[in-house]
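Accompanying notes for the structure given below.
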Amino acid sequence: MNSPASPRSPVPRRPRRHDPGRRDRLIDAALTVIAERGVAGTTHREIARVADVPLGSMTYHFTSLEEVLAEAFTRHADSVARVFDERLSAAPDKDAAIEAVITLVADDQLGSQDDLVLSVELYVAAARNPALRAVTQAWMARSRQALERHFDATTARELDALIEGLVLHSALSTDPMTPEQIRHAIHRFLR
């Protein structure tokens with residue numbers, strides 16, 4: 001005679017990990033990976049490793065690596081644009097705005113190697129991926145808007161391009177421009 005089967009006891013469930021900041025950590029981790037390895041070396045696996053989360057978190061929070069890159073580059077562009085905006089908002093007049101632009105180029109944009117690498121990686125990625133051009137376009141629009149507090153729209157657009165050129169030339173040159181040369185270039189342009 002068979003004995004009746006004993007009812008199965010429920011398997012205790014592990015408590016669900018509450019991690020409301022995981023998506024933000026993944027975006028920050030993506031920025032770290034991009035700065036260290038470039039866009040070409042950025043993978044779901046590497047981002048998850050740096051964020052110290054399971055790989056499945058990537059597909060839970062993002063539909064594609066392209067989405068992660070767009071979010072990460074948007075965060076980077078927003079942080080750079082915020083500094084730009086703060087400096088120009090604090091300038092009470094055009095002369096102070098010119099000094100703010102000089103400080104932005106010489107100190108802020110050339111001050112952090114990671115920020116510089118992220119900017120260059122964004123430029124290259126946007127040149128190859130039209131979806132990322134929306135990030136660069138929004139960034140340029142914010143920069144111009146900040147500049148238009150003190151300069152007309154045409155001058156703001158041209159000055160924005162000059163700023164980008166000065167940053168790239170100074171960052172990528174084996175003989176970078178000195179702060180005084182940057183100051184001279186900006187003053188000469190705005191005469």
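Along the sequence shown, residues carry numbers from 1. Just the heavy atoms: all of them, side chains too, but no hydrogens, waters or symmetry mates, feed the values below.
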Any carboxylate oxygen within less than 4.0 angstrom of a Lys/Arg side-chain nitrogen, looking at D24 and R75?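 Between R75 and D24 there is a salt bridge, with a charged N closer than 4.0 Å to a carboxylate O.
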
Using a 4.5 Å cut-off on heavy atoms from C-beta on, say whether the side chain of [Y] contacts that of [X].
X    : Y    : value
L162 : V105 : no
D85  : R149 : yes
V124 : V39  : no
F62  : I27  : yes

Spell out, yes or no, whether V117 and F73 are grouped together once hydrophobic residues are joined by side-chain heavy atoms under 4.5 Å, including indirect joins.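 Different hydrophobic clusters.
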
How long is the span from the [atom1] atom in [X] to the [atom2] atom in [Y], to the nearest 0.5 Å?
X    : Y    : atom1 : atom2 : answer
F84  : D160 : CZ    : CG    : 5.5 Å
Q109 : L166 : CD    : CG    : 10.0 Å
T74  : L69  : OG1   : CG    : 10.5 Å
L31  : D114 : CG    : CG    : 9.5 Å
Q113 : D115 : CD    : CG    : 10.0 Å
I102 : I163 : CD1   : CD1   : 10.0 Å

side-chain contact (heavy atoms from CB on, under 4.5 Å) against S57, all qualifying residues, sequence neighbours excluded: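 For S57, the residues satisfying side-chain contact (heavy atoms from CB on, under 4.5 Å) (neighbours in sequence not counted) are R22, L26, V53, P54, H61.
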
Pairing residues for D175 by the side-chain contact (heavy atoms from CB on, under 4.5 Å) criterion, not counting sequence neighbours: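 D175 satisfies side-chain contact (heavy atoms from CB on, under 4.5 Å) with S173 once adjacent residues are dropped.
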
What heavy-atom pair brings [X] and [Y] nearest, and what distance separates the two atoms?
X    : Y    : value
V50  : A29  : CG1-CB, 3.7 Å
V135 : A70  : CG2-O, 4.1 Å
Q181 : M177 : OE1-CA, 3.2 Å
I34  : A72  : CD1-CB, 4.2 Å
P176 : S170 : CB-O, 3.1 Å
P92  : A96  : CD-CB, 3.4 Å

Residue list, salt bridge (charged side-chain N to carboxylate O under 4.0 Å, His left out) with R37, at least two apart or on another chain: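 In terms of salt bridge (charged side-chain N to carboxylate O under 4.0 Å, His left out), with neighbours along the sequence ignored, R37 is linked to E46.
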
Which residues pass the salt bridge (charged side-chain N to carboxylate O under 4.0 Å, His left out) test with R23, sequence neighbours left out?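 In terms of salt bridge (charged side-chain N to carboxylate O under 4.0 Å, His left out), with neighbours along the sequence ignored, R23 is linked to E67, E71.
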
I'd like to know if the side chain of [X] and the backbone of [Y] have a donor-acceptor N/O pair within less than 3.5 Å.
X    : Y    : answer
S112 : D108 : no
H150 : L88  : yes
T63  : T59  : no

Pairs of donor and acceptor atoms involving the side chains of residues 136-148, under 3.5 Å and at least two apart or interchain, shall be tabulated with distances.
unit_1: T136; atom_1: OG1; unit_2: R133; atom_2: O; d: 3.0
unit_1: R142; atom_1: NH1; unit_2: D78; atom_2: OD1; d: 3.1
unit_1: S143; atom_1: OG; unit_2: W139; atom_2: O; d: 3.2

May I have the list of side-chain donor-acceptor pairs in residues 182-191 shorter than 3.5 Å, sequence neighbours left out?
unit_1: R183; atom_1: NH1; unit_2: E99; atom_2: OE1; d: 2.9
unit_1: R183; atom_1: NH1; unit_2: E99; atom_2: OE2; d: 2.7
unit_1: R183; atom_1: NH2; unit_2: E99; atom_2: OE1; d: 3.0

Are more than 12 heavy atoms from other residues, nucleotides or ligands located less than 6.0 Å from atom NE2 of H169?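 No.
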
